[in-house]
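FYI, the numbering just counts along the sequence from 1.
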Amino acid sequence: MTKSLFPGFDGLMTLSRREGVDVRPTLLRVLTDLYVQTRVHSEDEQRQFVELATRLIDQVDDATRAAVKARLAVYPSTPVPILQKLGLVAAQEGRRVPLAREIPASPPEPSPVRAPTEAEQRMASNMAMQPTDAAEIHDMFFRADASQRALILHNLEQTPLKAAPRIPTVRAKRAIQILEMAAIAGDVENFTYELGDSLILPSRVAAQIVDDPGGEALAVAARALDMPSPNFQRILLFFKPEIGNSVNNVYRLSRLYDRLGERSALVMLAAWRGSTLAVTRAKYQSSLHDGERQRARAGASQTRPGVQPGSSPTVRTGTGGSSDR
């Protein structure tokens, strides 16, 4: 019943019933965002949205309810029962609901005069977000299970964090060809090297993506390259036999890949790049701190030499000799 509009709803509702985990506010926000992305809905989609949203509106906090109310108040095709549920119209039969006028689209921004160089892309990627935030997102993603990773990627689509720049089309197409050939040949070393080089990632992070047993990290990397879905599925079948031998895993990752937005992948790419900067900074800050302490101890141990008791200073004369006084 609910698969056509929100495939993961049943599984996420099961997760929300676990102790200490409440994803219902996230579910309502995501469900609303998915609904307002399309101007026209079928009767079945509208009925599903009314059933699911009506259930969740009574179960979320005031802040989430207010955010959803603001989104649906300006959406022209919000169902009447939802408008009534949110108090946007009076619950009177036969009353005509005034629809919001369509917001005119803003004119497209002019294209840049020249394409950024690779060095400029590297600088922009490092400045995309604070290194501490990047490291936190990086660690949170790799610690999460499959369901939690799907939620993280969903939330990254709407996050205000700056995404990494798109990989140039020519470079991305070349990388896709090399990655697919390496996957078919089972060449892990060249696959890892090409993935890190094309996405401007250090070898440590590239290896972590390739070795990730869940496969979600590889899906994010492929989406950042704008890899076609059939190519990604072939890579899963040939390069990751532990995934390719399971129909459920292939289907799960293929479905995740088809729903994964470009922005989510590029924000995660920025986090992967920034996490390396955070690790490097912490390493050198620790080294510099230890060096400063060692120099401070060495400086304190060095004292100026003094005159020994009972001795008198030697006075030199102008002829190079000495005389006692």
Side-chain angles (χ1 to χ4, degrees), residues 1-42 44-91 97-103 129-130 133 136-137 139-141 143-163 216 255-256 259-268 271:
M1 294 291 290
T2 62
K3 287 184 179 180
S4 61
L5 183 62
F6 191 30
F9 182 82
D10 295 333
L12 293 176
M13 284 300 293
T14 301
L15 177 64
S16 69
R17 287 192 288 268
R18 295 179 184 176
E19 183 178 358
V21 178
D22 186 8
V23 298
R24 289 172 297 182
T26 302
L27 288 179
L28 183 57
R29 288 176 182 265
V30 172
L31 186 65
T32 303
D33 290 341
L34 291 175
Y35 192 79
V36 301
Q37 286 176 4
T38 305
R39 185 177 304 177
V40 180
H41 294 277
S42 64
D44 189 50
E45 289 176 341
Q46 184 175 0
R47 178 182 53 78
Q48 292 178 40
F49 178 69
V50 171
E51 291 178 358
L52 299 178
T54 302
R55 241 163 65 191
L56 291 172
I57 287 174
D58 293 331
Q59 300 174 355
V60 298
D61 56 281
D62 294 338
T64 300
R65 193 179 300 110
V68 170
K69 182 177 180 179
R71 293 294 300 272
L72 294 176
V74 298
Y75 179 64
S77 302
T78 301
V80 175
I82 300 298
L83 291 172
Q84 294 173 346
K85 187 75 173 177
L86 294 173
L88 295 171
V89 295
V97 181
L99 299 180
R101 289 180 294 179
E102 183 178 356
I103 301 175
M129 62 180 74
Q130 293 297 321
D133 296 335
E136 183 177 355
I137 294 174
D139 295 340
M140 179 175 61
F141 180 82
R143 287 197 304 263
D145 58 24
S147 300
Q148 293 169 341
R149 288 180 176 185
L151 285 175
I152 291 172
L153 295 173
H154 247 312
N155 293 335
L156 289 182
E157 187 72 26
Q158 302 296 332
T159 182
L161 294 173
K162 184 179 178 182
E216 292 85 2
R255 186 174 58 180
L256 171 70
R259 295 203 309 262
L260 181 60
E262 180 190 45
R263 173 168 170 77
S264 297
L266 293 178
V267 172
M268 183 59 72

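For Glu262, the side-chain hydrogen bond (donor to acceptor under 3.5 Å, both in side chains) criterion is met by Arg166, not counting sequence neighbours. In terms of the side-chain hydrogen bond (donor to acceptor under 3.5 Å, both in side chains) criterion, Arg29 has no residue partners (sequence neighbours excluded).
Considering all non-hydrogen atoms of both residues, Ile152 and Ala144 come closest at CD1-CB, 4.1 Å. Listed here is the closest heavy atom pair of Leu31 and Ala53: CD2-N, 4.0 Å. Arg65 and Val60 get closest at one heavy-atom pair: NH2-O, 2.8 Å.
Put simply, the side chain of Gln158 never gets that close to the backbone of Asn155: no donor and acceptor are under 3.5 Å apart. A distance-only check finds a donor-acceptor pair linking the side chain of Thr54 to the backbone of Val50 [under 3.5 Å]. The main-chain N or O of Arg39 is found under 3.5 Å from a side-chain atom of Ser77 such that the two form a donor-acceptor pair.
At a threshold of 4.5 Å between non-hydrogen side-chain atoms, the residues Pro81 and Phe49 do not count as touching. Between Met268 and Leu153, some side-chain heavy-atom pair lies under the 4.5 Å cut-off.
For CD of Glu157, the number of neighbouring non-hydrogen atoms (other residues, nucleotides, ligands) closer than 6.0 Å is greater than 12.
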Practice problem: Check the pair Leu266 / Arg263 against side-chain contact (heavy atoms from CB on, under 4.5 Å), numbers first and verdict last. | Solution: CA-CA 5 Å; Leu266 293 178; Arg263 173 168 170 77; 5.8 Å; no
Exercise. Kindly determine whether Arg47 and Glu51 satisfy salt bridge (charged side-chain N to carboxylate O under 4.0 Å, His left out), including the steps that lead there.
Key: CA-CA 6 Å; Arg47 178 182 53 78; Glu51 291 178 358; 3.2 Å; yes
Exercise. Could you give me the CA-CA distance, side-chain angles and deciding distance for Gln148 and Phe141, then say whether side-chain contact (heavy atoms from CB on, under 4.5 Å) is met?
Key: CA-CA 8 Å; Gln148 293 169 341; Phe141 180 82; over 6 Å; no
Exercise. Begin from the C-alpha positions of Leu161 and Ile137 and carry the test side-chain contact (heavy atoms from CB on, under 4.5 Å) through to its verdict.
Key: CA-CA 11 Å; Leu161 294 173; Ile137 294 174; 3.5 Å; yes
Quiz item: Could you go step by step and tell me if Asp58 and Lys85 meet the salt bridge (charged side-chain N to carboxylate O under 4.0 Å, His left out) rule?
Solution: CA-CA 9 Å; Asp58 293 331; Lys85 187 75 173 177; 2.7 Å; yes
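Ring orientation note: the planes of Tyr35 and His41 are close to parallel, at an angle under 30° on the 30°/60° scale.
For the residue pair Asp44 and Gln48, a side-chain donor N or O sits within less than 3.5 Å of a side-chain acceptor on the partner.
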